[in-house]
Amino acid sequence: MQVRLLQGVVVLLLGTALLWAWQRRGLPFLSFEEDNPAPMPPDANEKTEYYFARLRYPSVRYGGYWGFRGAWTTDYPKADRQFLQGVRRLTRIHVRSVEEVVDLDSDEIFNYPWVYAVEVGHWNLSDAQAAKLREYLLRGGFLMVDDFHGTWEWDIFMASLNRVFPDRPVVDIPDKDAIFHVLYDLDERFQVPGIIMFYTGLTYEQDGINPGWKAVYDDRGRIMIAICHNMDLGDAWEWADLPQYPERYASLAYRIGINYIIYAMTH
Amino acid sequence: MFEFLFKYPPTVFLKGEYSLLAPWPAWLLGVLVLAAALLLAWTVRRRMARRAPGLAGWRPAALWLLQSLLAGLLLLLLWRPAVSVATLKPQQNIIAVLIDDSRSMALREDGRTRSEQVIAALDSGPLSELRRRFQVRLYRFGRELERIERLDQLTASAPATHIGAALEQIAAESASLPVGAILLASDGADNSGGVDLETLSEVRRRRIPVHTLGVGRERIAPDLEISDVVLPTRTLADSRLSAHVTFRQRGLSGERAQLTVKENGKILATRPITLGPEGEPQTEVVAFNAGAAGAKNLEIGVSPLAGEQNPRNNVLTRLVNVDAARRRILYMEGEPRWELKFIRRAVDEDRNLEIVSILRTTQNKLYRQGIADPKELEAGFPSRPEELFAFHGLILGTVEVSYFTPAQQELIRQFVDRRGGGLLFLGGRTALADGGYGASPLAELVPVALPARKGTFHRERAAVELTAQGRESLICRLEDDAERNVQRWKKLPALADYQETGAPKAGAVVLAEVSVGRQRWPLLAIQNYGRGRTAVFATGGSWRWQMLQDHTDQSHEMFWKQLLRWLATESPGPVRVTTPQPVVADTARVPLRVEARDRSFAPAADAVVVAHVTGPEGAGGELELVPSSAEPGVYTGEWVAPKPGDYAAEVVVRRRGEELGRDTLVFRREDGVAENFRLEQNRELLERIAEQTGGKYYRPGDLDELPGEISFSEAGITTREPRDLWDMPAMFLLLVGLRTAEWFLRRKWGIV
């Protein structure tokens with residue numbers, strides 16, 4: 001009887017400790033969603049002004065590579081944390097060292113006025129999620145989408161986007177727009193390839209030959225959704241420390257990301 | 001009756017000087033009275049011992065007292081007591097009869113107008129009696145005094161009553177004319193703010209008694225009358241304004257009424273109110289939107305209630321200059337923050353507010369927004385007064401005080417103190433106490449004491465609560481209705497963060513507090529500092545009011561617009577022209593005051609200040625204002641508005657040929673309004689005038705006594721004759737009375 005009680009207490013204590021550690025992000029091996037695990041920094045729980053919020057969304061297809069995790073986890077969390085190191089070093093923004101995962105099923109997203117969504121060529125928002133995203137953007141939230149390529153993925157992206165804003169056009173961001181000048185002058189932009197270029201030898205994927213810096217604007221001429229089409233900034237952040245990955249791509253990806261954050265915090 | 005007993009009217013006894021006419025000395029009278037009393041004491045004592053040995057001790061004393069009084073009185077009469085009083089010499093003096101000819105005298109009460117009541121009272125005998133004994137001059141007065149020949153020249157149509165001015169004029173005339181006394185007939189409804197002390201003392205110095213004849217009811221009910229409306233005279237377009245309306249009423253306690261603000265008949269705002277106790281001044285506040293730019297004539301008051309005797313005193317007109325000029329606010333932010341984005345967005349659509357921000361994006365890079373040209377603020381935060389003082393407001397975000405040079409810190413202080421700008425401190429991780437402000441020269445500008453430690457900024461959610469002052473403040477007004485406003489604040493999402501502050505400084509007002517657990521700190525506090533104003537909003541997390549509420553909710557936008565308008569609206573330009581009352585009622589004089597400053601806002605003492613005035617029907621002209629000897633850079637003057645209507649004065653200030661600036665003031669002369677107010681007879685004023693000048697207050701029914709009493713005056717041509725008092729019937733009755741009382745007591749006690 002006493003042995004059973006002891007076992008019970010040990011299990012309870014272990015369970016509590018694991019739960020506590022998981023809450024404090026100390027057990028990455030418990031996460032089944034991580035695409036490319038990265039070490040948990042000691043200040044992961046710091047409260048800061050800015051949080052890199054990664055959008056968790058339902059995908060069109062769940063088979064294959066993302067069958068278990070969903071497309072939203074691509075490059076996660078190494079890209080996020082490596083990019084955040086750069087944001088900390090290069091700007092005065094008070095940044096937390098780790099990302100925050102948010103979704104469109106609760107109101108928690110409204111606490112994060114800047115959200116990043118990856119591989120949106122595979123997202124599939126429900127009407128309720130689309131309505132929530134629309135409300136989020138109209139209140140002043142900012143969405144950056146990245147890493148989707150070619151016509152086919154564009155169409156899938158647009159299918160959900162049209163549920164968010166049926167009547168707002170997607171337009172090319174003009175070079176003079178503040179988003180390209182708020183910190184770095186980004187008049188000279190080029191396609192930032194993903195790690196896949198080491199296998200294909202190409203800087204583009206599918207038929208997405210030309211990079212597109214596009215946006216959806218609000219009624220006052222401010223960008224609500226910044227769209228990085230036919231490029232993979234996430235990979236550039238993720239592999240910035242890979243010796244083979246060209247520095248020029250990584251640098252541009254960092255500069256674009258930082259500009260997009262500062263733009264969202266000023267406009 | 002009084003005169004039958006005492007021979008003369010009471011005034012003689014009140015004003016006269018007493019004397020003894022007999023040639024013998026007064027001390028002898030005293031000695032003889034004493035001797036008589038002693039002799040009588042001895043006699044009474046001896047007789048009583050013999051005739052009535054059992055009589056109690058106090059009874060002989062009573063008999064002795066009566067006998068002594070009789071003896072004393074007889075001795076006094078031998079000395080011939082007399083009273084002497086100054087009286088006007090018949091036919092040589094002028095009696096000035098001043099009759100109120102203002103419109104309130106046309107008010108009909110009990111079948112006759114007040115004017116007719118005066119005429120009837122004078123015509124029933126007193127006037128002809130006065131004419132028989134004196135030269136009588138008739139005058140009528142409204143705003144000014146005017147001589148008339150006959151009573152039928154009264155029209156009761158003057159648009160205002162200035163009793164003081166009328167008395168002043170007659171007092172001046174008395175320097176060359178033997179004015180013996182004044183009869184002032186009025187309802188006392190003076191609308192120049194009463195009769196000043198100087199006028200009264202001038203009349204008193206000339207010893208002219210002013211007798212007053214009061215007409216009109218002393219209580220008019222039911223009636224409500226607006227006594228004052230306090231409203232800013234300038235504001236920005238689309239600003240929220242609040243009018244403080246003071247009124248009093250009779251016979252309407254507990255009634256419900258509507259407080260309204262109208263512009264050209266269009267209702268801008270209404271508020272239901274409940275009327276308080278009768279006769280007590282009651283003040284209510286009504287908030288409304290100022291609307292588009294331009295001069296606004298606002299009619300503010302209470303809608304007439306059923307049965308009101310005078311509905312025309314329910315409204316007052318106020319003029320508000322709604323300014324179209326944009327107010328520029330410089331916002332210095334030390335690091336990218338959501339607060340900057342959302343503050344910018346909150347005022348983005350406001351045509352009157354413009355935020356120019358400097359943001360430190362990296363250690364050495366600044367990002368400027370809202371600049372007029374690429375050169376503006378190129379070097380960062382301004383170092384020269386001309387550059388900083390061009391702004392009307394300044395916001396300091398989370399930027400360490402050491403980021404500013406000592407000279408810049410002094411410039412910030414001068415921005416508020418000398419330039420008259422508004423300064424807002426925000427909370428943040430390098431703001432307020434954590435930014436080193438508490439130990440800096442800027443500490444005195446913060447409306448609250450700052451903790452002397454770091455670590456006061458917390459990224460924890462905090463609920464906001466309005467204080468009592470916050471509930472009244474327009475800065476925090478998200479709903480017109482006060483109660484709904486409080487509820488709306490309670491529903492606001494928590495702030496993303498807060499910063500600990502300290503106790504408010506003397507003169508500061510705390511509008512809102514944060515409460516975390518059991519602790520509370522001032523969140524929003526404001527104060528005046530020098531010519532300007534400062535505020536602290538100890539958070540960087542009000543952006544949650546925008547992100548956590550529906551996108552159509554305007555709470556965040558309204559709060560920031562109202563706070564920033566408060567911050568910047570009152571910041572003057574280099575030239576500022578003001579007048580104490582932009583709507584003058586029934587007076588032509590409009591005092592103008594101009595504050596002139598140079599580009600660094602130092603007082604411009606040697607400038608030429610000219611007001612170009614345009615008015616109705618071509619009335620206008622130029623007025624050069626003169627420097628005030630007391631305040632450098634201040635120029636004053638008085639414009640005389642010849643006609644009723646709207647006027648605009650554009651003031652241009654030049655120094656050595658260079659224009660320092662210009663400002664425009666709109667004002668309005670309004671006639672015929674003042675007489676709708678204070679319609680009850682102001683008996684207190686009329687009695688006070690009479691009392692202080694040696695005259696007497698009369699009701700129309702008592703006026704018969706006037707001719708007899710008016711001649712006792714020390715003004716004009718007078719004589720002073722002693723009048724005997726020994727032969728007064730009252731004296732004889734007193735002698736008989738004393739003797740009878742003694743006889744009666746003796747009979748009663750059986751010692752006859």
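The basis for the numbers below is simple: all heavy atoms, side chains too, and nothing from hydrogens, waters or symmetry mates. Chain letters run A, B, ... following the sequence lines, proteins first and then strands; every chain starts at 1.
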| Is it the case that B:S239 and B:R565 place a side-chain donor and acceptor less than 3.5 Å from each other? | yes
| said: If we count only N and O atoms by modelled type, under 3.5 Å, do the side chains of A:D103 and A:Y57 hold a donor and an acceptor together? | reply: no
| query | Under 4.5 Å between any side-chain heavy atoms of B:F559 and B:F537, yes or no? | reply | yes
| Is a salt bridge present between A:R88 and A:D43, judged by a nitrogen-to-oxygen distance below 4.0 Å? | yes
| request: Using heavy atoms and a sub-4.5 Å threshold, report which of residues 220-229 of chain A line up against chain B, by residue number. | output: A:R220, A:R222
| Charged N to carboxylate O below 4.0 Å: is that the case for A:K78 and A:D241? | yes
| field | Any B:L564 side-chain heavy atom under 4.5 Å of B:I395 side chain | value | yes
| Side chain / backbone / both / neither for B:L359 at chain A, heavy atoms under 4.5 Å | side chain
| request: Go through B:K365, B:E349, B:H458 and name the one with the most non-hydrogen pairs under 4.5 angstrom from chain A. | output: B:E349
| Structural part of B:R544 lying under 4.5 Å from a heavy atom of chain A | side chain
| said: Non-hydrogen contacts under 4.5 angstrom with chain B: give the residues of residues 160-174 of chain A involved, or none if there are none. | reply: none
| request: Answer yes if the side chains of A:S97 and A:R81 hold a donor-acceptor pair under 3.5 Å, and no otherwise. | output: no
| A:R189 versus A:D175: any side-chain heavy-atom pair under 4.5 Å? | yes
| query | For chain B, which residues of residues 255-267 of chain A have at least one non-hydrogen atom nearer than 4.5 Å to it? | reply | A:I262, A:A264, A:M265, A:T266, A:H267
| task | For B:L524 and B:C476, work out which heavy atoms get closest and say how close. | result | CD2-SG, 4.0 Å
| field | Salt bridge flag under 4.0 Å for residues A:R96 and A:E49 | value | no
| field | chain A contact via B:R368 - side chain, backbone, both or neither, heavy atoms under 4.5 Å | value | neither
| task | Could you grab the distance from atom CZ of B:F391 to atom CD1 of B:I355, nearest 0.5 Å is fine? | result | 11.5 Å
| query | Is there side-chain contact between B:M558 and B:R240, with at least one heavy-atom pair below 4.5 Å? | reply | yes
| field | Heavy-atom pair count under 4.5 Å with chain A, highest-scoring of B:Y367, B:W338, B:F342 | value | B:W338
| query | Among A:I109, A:L183, A:V182, A:L90, who wins on heavy-atom pairs under 4.5 Å with chain B? | reply | A:V182
| task | Dump the intermediate steps for salt bridge (charged side-chain N to carboxylate O under 4.0 Å, His left out) on B:E479 and B:K491, then the final yes or no. | result | CA-CA 13 Å; B:E479 294 272 357; B:K491 285 182 193 153; over 6 Å; no
| Toward chain A, the part of B:Q369 with a non-hydrogen atom under 4.5 Å | side chain
| note | Under a 4.5 Å heavy-atom criterion, the part of residues 327-335 of chain B in contact with chain A comprises B:G334, B:E335
| Atom OG1 in B:T552, atom CZ in A:R139: separation rounded to 0.5 Å? | 9.0 Å
| field | Nearest heavy-atom neighbours spanning B:L495 and B:S542 | value | CD2-CA, 3.7 Å
| Residue pair A:R92 / B:Q363, side-chain donor-acceptor N/O under 3.5 Å | yes
| In terms of heavy-atom proximity below 4.5 Å to chain B, should A:D219 be classed as side chain, backbone, both, or neither? | neither
| Greatest number of heavy atom pairs closer than 4.5 Å to chain A - which of B:L340, B:D497, B:T398, B:D348 | B:D348
| task | Over all heavy atoms of both residues, which pair between A:W237 and A:A253 is shortest? Give the atoms and the distance, please. | result | NE1-O, 3.1 Å
| Quick one: CG on B:L353 to CH2 on B:W560, what's the gap to the nearest 0.5 Å? | 12.0 Å
| query | NE2 of B:H556 to CH2 of B:W543: how many Å apart, nearest 0.5 Å? | reply | 10.0 Å
| What part of B:D553 is in contact with chain A, defined as an atom under 4.5 angstrom from a non-hydrogen atom: side chain, backbone, both or neither? | neither
| message | In the structure I gave you, are the side-chain heavy atoms of B:V448 and B:W521 within less than 4.5 Å of one another anywhere? | response | no
| Do B:H551 and B:Q546 have side-chain atoms, one donor and one acceptor, less than 3.5 Å apart? | no
| request: Walk me through it: do A:E99 and A:R54 pass the test salt bridge (charged side-chain N to carboxylate O under 4.0 Å, His left out)? | output: CA-CA 7 Å; A:E99 69 296 326; A:R54 174 180 280 261; over 6 Å; no
| note | Among A:D107, A:T91, A:L137, the residue with the most heavy-atom pairs under 4.5 Å to chain B is A:T91
| query | Side chain, backbone, both or neither: which part of B:R345 has an atom under 4.5 Å from a heavy atom of chain A? | reply | both
